[in-house]
Student: 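Structure in structure tokens, see below.
Chain identifiers are assigned alphabetically (A, B, ...) following the order of the sequence lines, protein sequences preceding nucleic acid strands; residue numbering begins at 1 within each chain. Given the structure is predicted, the values throughout are model-derived calculations rather than measurements.
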2 protein chains.
Amino acid sequence: MVREPLGEEAAVDLARMFKALSDPVRLRLLSLIASHEGGEACVCDLTGPFDVSQPTISHHLKVLREAGLVSSERRGTWVYYWVLPAALARLSALLQIPVATGGSR
Amino acid sequence: MVREPLGEEAAVDLARMFKALSDPVRLRLLSLIASHEGGEACVCDLTGPFDVSQPTISHHLKVLREAGLVSSERRGTWVYYWVLPAALARLSALLQIPVATGGSR
DNA sequence: AGACTGTATCGACGTCTGTCGATATGGCCG
DNA sequence: CGGCCATATCGACAGACGTCGATACAGTCT
């Protein structure tokens with residue numbers, strides 16, 4: 001981001017990912033999934049901690065999935081979600097600004 | 001984010017920052033500012049590369065400023081904007097997911 | 001097969017967001 | 001002073017978003 005001005009199409013793509021992170025419920029969902037034992041969580045573990053309805057949770061999970069931040073799989077009765085680390089790493093790297101002190105330009 | 005499930009108030013705060021990044025124009029604005037010589041850019045350097053009107057650019061800059069991602073100052077005729085590295089670093093660190101295999105950081 | 005649980009989809013509603021043109025504000029200069 | 005340039009604010013409008021209840025779908029268990 002600091003190196004070059006970020007092309008228009010790349011910006012659209014990245015903005016879609018950041019938009020998925022722009023809701024408190026989705027941030028907490030992502031955090032719950034990432035911090036869950038085994039790196040994955042069943043939806044049944046995710047509906048409890050929130051004040052919103054089950055369809056709303058399902059909707060937020062869909063947004064995260066379509067943004068490419070998580071993936072999911074049905075195993076029997078339950079559906080499990082896990083984080084896609086490469087996507088988060090991409091965003092994290094983008095925000096990495098070289099510290100200004102010293103020889104920065 | 002992986003360590004602990006991210007409290008509700010922290011999520012609200014972080015979501016506000018991510019929301020500021022959730023628009024392609026704002027992402028490119030931020031990138032233009034960060035990559036500009038001297039680490040700061042005059043608004044007059046920022047209105048050119050976009051297809052949107054000047055008031056819209058001004059609006060987006062306000063959003064970035066109110067999210068705490070950039071700061072600005074008037075110097076004579078022009079207004080200059082620069083990135084606040086600590087804010088971006090906070091978001092970047094949050095998205096840093098330890099690679100699952102082995103102990104890499 | 002039928003009942004029951006877990007999850008997703010649908011349709012609706014109020015609110016928020018990005019955009020614009022018009023206009024206001026702040027500062028330079030002739 | 002008066003005009004001009006750079007930037008911000010205002011008001012309006014279409015479209016997107018978060019949320020809900022109702023309902024559909026998928027799998028399991030008797």
Side-chain angles (χ1 to χ4, degrees), chain A residues 6 8-9 11-33 36 40-82, chain B residues 6 8-9 11-33 36 40-82:
Chain A
L6 197 57
E8 187 168 347
E9 51 188 278
V12 170
D13 190 45
L14 290 163
R16 211 166 347 106
M17 296 193 190
F18 281 123
K19 182 166 288 182
L21 297 175
S22 71
D23 181 276
V25 174
R26 285 199 291 270
L27 270 184
R28 290 175 63 200
L29 276 174
L30 194 68
S31 168
L32 275 174
I33 294 170
H36 201 268
E40 60 180 23
C42 167
V43 176
C44 60
D45 298 322
L46 302 174
T47 39
F50 297 93
D51 286 339
V52 301
S53 69
Q54 175 268 321
T56 298
I57 294 293
S58 192
H59 163 69
H60 284 308
L61 288 171
K62 183 179 187 179
V63 172
L64 288 172
R65 184 155 28 85
E66 291 183 340
L69 299 177
V70 305
S71 188
S72 66
E73 182 188 19
R74 172 159 221 136
R75 288 207 281 278
T77 302
W78 299 281
V79 177
Y80 291 85
Y81 281 75
W82 58 90
Chain B
L6 196 57
E8 187 167 349
E9 50 187 279
V12 171
D13 191 43
L14 291 163
R16 213 167 343 107
M17 295 192 191
F18 281 123
K19 181 167 290 182
L21 297 176
S22 71
D23 181 276
V25 173
R26 285 199 291 270
L27 271 185
R28 291 175 62 204
L29 276 174
L30 195 68
S31 167
L32 275 173
I33 296 171
H36 201 268
E40 61 180 22
C42 166
V43 176
C44 58
D45 298 323
L46 302 174
T47 40
F50 296 93
D51 285 341
V52 300
S53 69
Q54 174 268 322
T56 299
I57 294 293
S58 191
H59 163 69
H60 284 309
L61 288 171
K62 183 179 186 179
V63 171
L64 287 172
R65 185 157 25 88
E66 290 182 342
L69 299 178
V70 306
S71 188
S72 67
E73 181 189 17
R74 172 162 221 134
R75 289 207 280 277
T77 301
W78 298 282
V79 177
Y80 291 85
Y81 280 77
W82 58 91

Student: Atom CD of residue position Glu40(A) - does it have more than 12 heavy atoms of other residues, nucleotides or ligands inside 6.0 Å?
Tutor: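 Yes, the 6.0 Å shell around CD holds more than 12 heavy atoms from other groups.
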
Student: Measure the CG-NE2 distance between Leu46(A) and His36(A) for me, rounded to the nearest 0.5 Å.
Tutor: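 Between Leu46(A) CG and His36(A) NE2, I get 7.5 Å after rounding to 0.5 Å.
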
Student: Find the distance Arg16(B):CZ to dC16(C):P and express it as a whole number of Å.
Tutor: 14 Å

Student: In this structure, how many angstroms lie between the C1' atom of dA8(C) and the OH atom of Tyr80(A), rounded?
Tutor: 17 Å

Student: How many whole angstroms separate atom CZ of Arg75(A) from atom P of dT7(C)?
Tutor: 12 Å

Student: Answer yes or no: is there a donor N or O on one side and an acceptor on the other, between the side chain of Arg26(A) and the main chain of Ala20(A), under 3.5 Å?
Tutor: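 Indeed, once roles are kept as given, a pair shorter than 3.5 Å links the two residues.
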
Student: Could you check how far NE2 of His59(A) sits from P of dG6(C), rounded to whole Å?
Tutor: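 One finds 23 Å between P of dG6(C) and NE2 of His59(A), rounded.
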
Student: Taking all non-hydrogen atoms of both residues into account, name the closest pair between Ala15(B) and Asp23(A) and its distance.
Tutor: CB-C, 3.8 Å

Student: May I ask you to test the Ser58(B)-Val43(B) pair for a side-chain heavy-atom distance under 4.5 Å?
Tutor: no

Student: Starting from the 5' end of DNA chain D, give me the residue, His60(A) or Gln54(B), whose nearest nucleotide shows up first.
Tutor: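 First, find each residue's nearest nucleotide; the 5'-ward one identifies Gln54(B).
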
Student: Taking atom P of dG18(C) as reference, at what distance in whole Å does atom CD of Glu66(B) sit?
Tutor: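 Nearest whole value for this atom pair: 12 Å.
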
Student: Starting at the 5' end of DNA chain D and moving along, which residue's nearest nucleotide shows up first, Ser53(A) or Arg74(A)?
Tutor: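 The answer here is Ser53(A).
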
Student: Rounded to the nearest angstrom, tell me the gap between atom CG in Leu21(B) and atom C1' in dG18(C).
Tutor: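 Value for this atom pair: 16 Å.
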
Student: Can you check whether Leu30(B)'s main-chain N or O pairs, donor with acceptor, with Arg28(B)'s side chain at less than 3.5 Å?
Tutor: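 No, the answer is negative, given that no donor and acceptor are paired below the 3.5 Å cut-off.
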
Student: Report yes if a side-chain nitrogen or oxygen of Tyr81(A) is closer than 4.0 Å to either non-bridging phosphate oxygen (OP1 or OP2) of dA8(C); otherwise report no.
Tutor: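 True: Tyr81(A) side-chain N/O within range (under 4.0 Å) of dA8(C) OP1/OP2.
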
Student: To the nearest Å, how far apart are Lys62(B) NZ and dT17(C) C1'?
Tutor: 14 Å

Student: Identify whether any heavy atom of Thr77(B) sits under 4.0 Å from a base atom; if not, whether one sits that close to sugar-phosphate; answer base, sugar-phosphate or nothing.
Tutor: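 Sugar-phosphate, backbone atoms only, no base.
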
Student: Pick the nucleotide of DNA chain C nearest each of Val25(B) and Leu61(A); which residue has the one closer to the 5' end?
Tutor: Leu61(A)

Student: Can you give me the first and the last nucleotide of DNA chain D (5' to 3') that has an atom within less than 4.0 angstrom of a non-hydrogen atom in chain A?
Tutor: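 Nucleotide range in contact with chain A: dC17(D) to dT28(D).
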
Student: For Glu73(B), I'd like to know if atom CD has over 12 heavy atoms of other residues, nucleotides or ligands within 6.0 Å.
Tutor: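 Atom CD in Glu73(B) is packed in, count exceeds 12.
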
Student: Expressed as a whole number of angstroms, how long is the span from Lys19(A):NZ to dT17(C):P?
Tutor: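 Those two atoms, NZ and P, are 10 Å apart.
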
Student: On DNA chain C, nearest-nucleotide positions of Cys42(A) versus Pro55(B): which is more 5'?
Tutor: Cys42(A)

